[in-house]
Amino acid sequence: MSERQFFGHVIDGEEVPSTDGATFEVWNPWTREVWAEAAEGSAADADRAVASARRAFDEGPWPRMARAERAAAMRRLADLMEERADDLAWLDTTNMAKPFAQAQHDVARSVWNFRFFADHQRDHTGEVYPMDSGHHTYSEYGPAGVVAAISPWNFPLMMATWKVAPAIAWGNTCIIKPSEDTPASVTLLGRLAAEAGLPPGVLNVLNGHGSPAGSSLTADDRVDRVTFTGSSATGRAVMASASSHLAPVSLELGGKGANIVFEDADLDNAVHWAVEAIFRNSGQICLAGSRLFVASGIYDEFMDRFVAAAEALTIGDPFDPATKFSSLASRKHFDKVSSYVDSVPLDGGKVLTGGVDDEGRWLVRPTIVTDLPVTAPAYCEEIFGPVCVVNRFEDEGEVVALANDTRFGLNAMLFTENLSRAHRVASQLRAGTVWVNCFFIRDLRTPFGGVGDSGVGREGGNFSREFFTEPKAVVMQIRR
Ligand code: NAD
């Protein structure tokens, strides 16, 4: 067996083990083997990482650098990521069984996160407010300070860079704590940041579990902003902890996305996106279209096609180019998703296709469920796996009420060829993003975030600027 790789912390530009030498095992969920070890961050390691970021902010060049210079440094990092794109994708695929082509796509999006936010801060404009009193006020956006970023395992590199890139673009310094399930690609990102010449302490990586590594970061009063992506339950703990020192939080949390297919939808398009929305990344997507509502008039035809498309997905080794669908990311997550699938018949539901793999793999096949009461846990809780619950509906009013009947409000999709209906329904859906006749399309200038249990705040473009800076009003007298 080949030697295990090691992923340390990256603190002050150096990769280091934990102070006490503790490590944890890193699994490959497809082979069900340990392939690496990572440093287990303690409170002392979190302290080191925050001290490094604090020093880099208070004394280092990064927040004081010309905007174009900072943008150039971020672009150097993006270029290095592009050169190492297949290595980064290899780490995510090995670490969580994401099909390799999807991991490559995530890396490209991660590179773009750095390029976009580098240019966005370099080229930004402020506001001027002419005043009748003979003054004018202008706004200035200064860096906020030290940012603690905590990310999940479903898009290991992409979710981390979505936070780190705007944070450092605006002159902050940061500590990113990736999920304990997927430390690999973010550690390589930390190594590349040092190679790209980012000053020490600007981008620190702290590996380890939610507690103590993550919780030590959120509770540290030297941290000025906390940006978190993960489950709603952890989001509550993160917000409570950050409130002890009044650090603003941005929370991107769970979802239970509604996907609505109207009678006049282009069925080929709707089936294609319904499959992508719930089975891409084995359904481990906060934005998954996990509640599907199909108009009665097309229900039978749509369902025949949807089930056939789900059954046609090639399941297998995530490195095989033919594979479209693979294992879940960990044993623990497999147990969680399986228990929801097992609950379906007990709650009166029907599994039309899919179910738990019977070959001992950590795999749940693309699963489509009908006839569940709206109170069943599999219907209303976030499963975060490849399980789609389907309902039929008669009219627009009914389906809007059904779609909005959830604690979550991250996103929704609707499929219709009727322009007025598209606008009308989109504006009534309680969700941070509504996709019409498409899914998963993002422009980084737009607001991203959720309503209710799906989150607090928005990130993207100027929304990220609001969060990662301290806007200042400068009031000028004009002598006449
Ligand atoms: P999780 O909440 O278990 O963990 C997320 C991160 O928080 C991990 O790094 C974990 O170590 C850390 N953490 C755990 N406890 C902590 C604590 N007390 N203090 C500080 N940090 C702590 O979530 P997960 O299982 O990794 O990810 C899946 C969840 O993430 C799903 O609910 C999914 O919907 C959500 N998610 C949301 C978005 C979004 O943009 N809204 C995107 C991706 C995933």
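Counting convention: from 1, in listed order, for ligands and their atoms alike. Reckoned from all heavy atoms, side chains included, excluding hydrogens, waters and symmetry mates. FYI, the numbering just counts along the sequence from 1.
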Give yes if a backbone or side-chain nitrogen or oxygen of Trp153 is under 3.5 Å from a nitrogen or oxygen of ligand 1, and no if not. yes
For Phe448, run the side chain to side chain contact (heavy atoms under 4.5 Å, CB included) check against Asn411, Asp443, Leu287 and tell me which one passes. Leu287
Students should be able to answer this: which protein heavy-atom is nearest to atom 33 (C) of ligand 1, and at what distance? Phe384 CE1, 3.2 Å
Determine, considering heavy atoms only, which of Gly230, Pro183, Ala233 sits nearest to atom 35 (C) of ligand 1. Gly230
Taking atom types as modelled, is there a side-chain donor on Thr227 or Lys163 under 3.5 Å from an acceptor on the other? yes
Just to check, does Phe155 reach to within less than 4.0 Å of ligand 1 when the distance is taken from its heavy atoms? no
Going by the closest heavy atom to atom 41 (N) of ligand 1, which one wins out of Leu206, Thr218, Leu253? Leu253
Does any N or O of ligand 1 fall below 3.5 Å from an N or O anywhere on Ser151, backbone included? yes
Taking 4.0 Å as the limit for heavy-atom contacts, which would you say applies to Ser211 with ligand 1: side chain only, backbone only, both, or neither? neither
Does only the side chain of Thr229 get under 4.0 Å from ligand 1, or the backbone, or both, or neither? Count heavy atoms. both
Establish, from distance only, whether the side-chain atoms of Thr161 and Asn113 form a donor-acceptor pair under 3.5 Å. yes
Go through it in stages, so that I can follow the logic: the residues are His245 and Asp220, the test is side-chain hydrogen bond (donor to acceptor under 3.5 Å, both in side chains), and I'd like the CA-CA distance, side-chain angles, deciding distance and then a yes or no. CA-CA 8 Å; His245 53 108; Asp220 195 314; over 6 Å; no
Quick one: do Asn95 and Thr182 satisfy side-chain hydrogen bond (donor to acceptor under 3.5 Å, both in side chains)? Show the steps, please. CA-CA 6 Å; Asn95 213 167; Thr182 51; 5.0 Å; no
So for Pro178, does at least one of its heavy atoms come nearer than 4.0 angstrom to any atom of ligand 1? yes
Report yes if Glu180 has an N/O atom closer than 3.5 Å to an N/O atom of ligand 1; otherwise report no. yes
Any N/O pair Asn154/ligand 1 closer than 3.5 Å: no
Counting only nitrogen or oxygen atoms and a 3.5 angstrom limit, does Val238 reach ligand 1? no
Could you tell me whether Ser231 and ligand 1 have an N or O pair separated by under 3.5 Å? yes
So, is the end of the Lys177 side chain (NZ or CZ) under 6.0 Å from the ring centre of Phe228 and within 45° of the ring's axis? no
Can you find an N/O atom of Lys177 closer than 3.5 Å to an N/O atom of ligand 1? yes
Backbone, side chain, both or neither: what part of Gln284 comes under 4.0 angstrom of ligand 1, heavy atoms only? neither
Can you find an N/O atom of Thr234 closer than 3.5 Å to an N/O atom of ligand 1? yes
Aromatic ring proximity Phe7/Trp35, centre distance under 6.0 Å: yes
Cationic tip of Arg465 above Tyr141 ring, under 6.0 Å, 45° of axis: yes
Using the salt bridge (charged side-chain N to carboxylate O under 4.0 Å, His left out) rule, take Asp119 and Arg122 through it: C-alpha gap first, then chi angles, then the decisive distance, then the call. CA-CA 5 Å; Asp119 294 356; Arg122 186 194 58 205; 3.5 Å; yes
Please confirm whether Arg442 makes a cation-pi placement over Trp162, using NZ or CZ under 6.0 Å from the six-membered ring centre and within 45° of the ring normal. yes
I'd like to know if atom 4 (O) of ligand 1 has any protein heavy atom within a distance of less than 4.0 Å. no
Which residue and non-hydrogen atom of the protein lie closest to atom 39 (C) of ligand 1, and at what distance in Å? Cys286 SG, 3.2 Å
At a non-hydrogen distance cut-off of under 4.0 Å, which region of Met159 contacts ligand 1 (side chain, backbone, both, or neither)? side chain
Aromatic rings Phe384 and Trp153: how do their planes relate, parallel, tilted or perpendicular, breaks at 30° and 60°? perpendicular
Is the closest N or O pair between Gly210 and ligand 1 shorter than 3.5 Å? yes
Is the Trp435 ring parallel, tilted or perpendicular to the Phe439 ring (thresholds 30°, 60°)? perpendicular
